[in-house]
Each structure stands twice: as structure tokens, then as C-alpha cells.
Amino acid sequence: MAQPVHNYLIFETAAGFCGIAWNAVGITRFQLPTKKAEDTERLLLLRRLVAGEPAHPTPEIGEVVAAVRRYFSGEEVDFSDIKLDLEGQDPFFKRIYAAARGLGWGQTTTYGALAKELGVGPEAARDVGQAMAKNPVALIIPCHRVLAAGGKVGGFSAPGGSTSKIRMLELEGVHLGPPEPAQQSLF
């Protein structure tokens, strides 16, 4: 049986070039920004799509593209109602993704807390981390809001790695790192 063809679009944001792929059901893939359109297209096609054809966005996809542009310009955006097609994903990963979609702008959690929310033990934190690493629609499923134990950044498989994760969180007003001193030294 032939693989379905996905439509895709590469578009520019304040953070670089993103890629989005969709089918009749919903969004199937999203590529976080890179500096060059060619790099985004290569990453989207090589790592994310079996078959893809460039296309003009549907009105719904056009709205998502506009929302992504607003997001990377620092505007609060809610992606939780966007229609996705996660067909072929592991059933437990789908549960993890649904829970992660409940994290709003500027909210974070940890891999372990997300596992606990799903009613599984802390040993499943590793599974949560694997699901985040394999997230086919990063940003729309906000894997950048899921941190390692103790609020540490943890890994991030997007271009730029953990630096990109930190920048996305900073856009949302989340600052990871040592707190500012309460008072300045006199010397």
C-alpha cells in the first residue's frame, strides 16, 4: 500500500524558517525554525515525511502559520485546539502528547510530573522524554515546556538543541537558571 502524500509549506518567522505538513485529517508534522529555508525543507522531508509535496496552505493551515509567526514574535498563542493527525504514533505516546497539549503559555512541567499525571510511575519519565524527542509536531505539542527533574532544561532534539528550548521558554516569560540576587553588593 502506498504511503499517503502530505502537503507541506516552508515559511519564514522572526526565529527563522519553519515547516508544516498536513493531510485531510490535520497537521502531521512541524519543523521548528532553522536559518535557511533549504535546511528546514531538508529536515522536514528527510526526518519527518515519507512523501511530501509543496502546496498552498488551506485556510486552516494558513491560520496555524499566522499563529506560529505570532508565537515567534513573542505573542501569546494557544495551539491546543489545532487538529492533528498522529496516526502511526505509539498509543502511550499519544496519551503523553495529549497531556502535554494541556500546558499553556509559560507553564512548564517535568518528565516525571507528566508521567505521574498519566497515572504511571516515575520510571515512565524516560518514556515521556522519548515521546518528547519523537514529537512530530513540536511547538503545537509543546515539548519545550517539559523539563528534566529539578526544572533543568533537559534535551531538545530541534535545531539549536537546548538553546532553542531556552529561547522558546524565554519568549513565554519562563527563565531557567539562577535567580537574580535580591540585593546588590555594596562593593
Side-chain angles (χ1 to χ4, degrees), residues 1-103 105 127-146 155-165 167-169 171-172:
M1 184 167 128
Q3 290 290 329
V5 173
H6 295 81
N7 293 307
Y8 74 91
L9 175 72
I10 307 301
F11 61 97
E12 192 168 11
T13 72
F17 291 90
C18 292
I20 190 168
W22 67 94
N23 63 21
V25 175
I27 296 171
T28 57
R29 301 288 185 262
F30 185 81
Q31 178 62 52
L32 288 167
T34 67
K35 291 180 180 169
K36 294 193 270 182
E38 304 79 35
D39 293 342
T40 296
E41 185 172 32
R42 182 178 47 77
L43 287 170
L44 184 70
L45 292 174
L46 291 179
R47 294 188 183 169
R48 305 283 188 185
L49 295 179
V50 174
E53 293 181 2
H56 291 287
T58 65
E60 294 83 11
I61 298 300
E63 289 175 19
V64 175
V65 168
V68 169
R69 286 182 170 137
R70 288 193 312 272
Y71 176 88
F72 283 112
S73 292
E75 186 178 322
E76 184 173 337
V77 177
D78 178 4
F79 295 106
S80 64
D81 290 336
I82 292 173
K83 288 176 33 179
L84 302 177
D85 180 2
L86 298 177
E87 186 63 36
Q89 294 294 318
D90 177 276
F92 185 57
F93 281 16
K94 286 181 182 180
R95 287 184 55 214
I96 294 168
Y97 295 148
R101 287 190 88 184
L103 294 169
W105 178 271
D127 295 326
V128 172
Q130 289 176 353
M132 295 299 109
K134 293 179 180 180
N135 179 359
V137 286
L139 180 60
I140 299 168
I141 295 174
C143 53
H144 65 285
R145 296 177 183 151
V146 184
F156 200 54
S157 58
S162 58
T163 301
S164 292
K165 185 173 187 170
R167 285 188 184 137
M168 290 171 72
L169 289 169
L171 270 176
E172 298 180 23

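In this chain, numbering begins with 1 at the start of the sequence shown.
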Report summary line: Output for pair (Asp127 CG, Ile96 CD1), nearest 0.5 Å, gives 6.0 Å
Requested in this report: For Lys165 and Ala158, indicate whether the former's side chain and the latter's backbone hold a donor-acceptor pair under 3.5 Å.
Outcome: no
Query raised in the report: Is there side-chain contact between Leu169 and Arg145, with at least one heavy-atom pair below 4.5 Å?
Result: yes
Query raised in the report: Is Arg29 close to Tyr8 at the side-chain level, that is, under 4.5 Å between some pair of heavy atoms?
Result: no
Query raised in the report: Sub-3.5 Å donor-acceptor pair from the side chain of Arg101 to the main-chain atoms of Phe79, do we have one?
Result: yes
Query raised in the report: Is a side-chain donor or acceptor of Arg69 paired with a backbone partner of Glu12 at a separation under 3.5 angstrom?
Result: yes
Query raised in the report: Are Phe11 and Val68 close enough that some pair of their side-chain heavy atoms sits under 4.5 Å apart?
Result: yes
Query raised in the report: Looking at Leu9 and Ala55, what are the two nearest heavy atoms and their distance?
Result: CD1-O, 3.9 Å
Query raised in the report: CD1/Ile140 to CG/Asp81 distance, rounded to the nearest 0.5 angstrom?
Result: 12.0 Å
Query - Side chains of Leu139 and Met168 in contact at under 4.5 Å (non-hydrogen atoms) - result: yes
Requested in this report: Could you tell me how the ring of His144 sits relative to the ring of Tyr71: parallel (under 30°), tilted (30 to 60°) or perpendicular (over 60°)?
Outcome: perpendicular
Query raised in the report: So does Arg167 have more than 12 non-hydrogen atoms from other groups sitting under 6.0 Å from CZ?
Result: no
Query raised in the report: Below 4.5 Å, heavy atoms only, C-beta onward: do Tyr97 and Met132 meet side chain to side chain?
Result: yes
**Report entry** Nearest-0.5 Å distance that lies between atom NE2 in His56 and atom CD1 in Ile61
**Finding:** 14.5 Å
**Report entry** More than 12 heavy atoms of other groups within 6.0 Å of Glu76 CD
**Finding:** yes
**Report entry** Side-chain (Thr34) to main-chain (Thr40) donor-acceptor, under 3.5 angstrom
**Finding:** yes
Report summary line: Heavy-atom nearest pair, Ala138 first then Phe30, reads O-CD2, 3.0 Å
Requested in this report: Over all heavy atoms of both residues, which pair between Ile141 and Asn135 is shortest? Give the atoms and the distance, please.
Outcome: O-ND2, 2.8 Å
Query raised in the report: Is there a side-chain contact between Trp105 and Glu75 (heavy atoms, below 4.5 Å)?
Result: no
Report task. Ignoring hydrogens and angles, tell me if any N or O in the side chain of Asn23 forms a donor-acceptor pair with the backbone of Asp85 under 3.5 Å. Result -> no
Query - Heavy-atom pair of closest approach, residues Pro33 and Pro159 - result: O-CB, 3.8 Å
Report summary line: Closest non-hydrogen contact found for Cys18 with Thr13 is SG-CG2, 3.8 Å
Query raised in the report: What closest approach, in Å, do Pro136 and Thr28 show between heavy atoms, and which atom pair accounts for it?
Result: CB-O, 3.7 Å
Report task. Using a cut-off of 6.0 Å, state whether more than 12 heavy atoms not belonging to Lys94 lie near its atom NZ. Result -> yes
Query raised in the report: Any side-chain heavy atom of Phe156 sitting closer than 4.5 Å to one from Cys143?
Result: yes
Query raised in the report: Which distance, rounded to the nearest 0.5 Å, do you find between the CG of Leu32 and the CG of Leu44?
Result: 11.0 Å
Report task. Could you check if a side-chain atom of Phe72 sits within less than 4.5 angstrom of a side-chain atom of Val77, using non-hydrogen atoms only? Result -> no
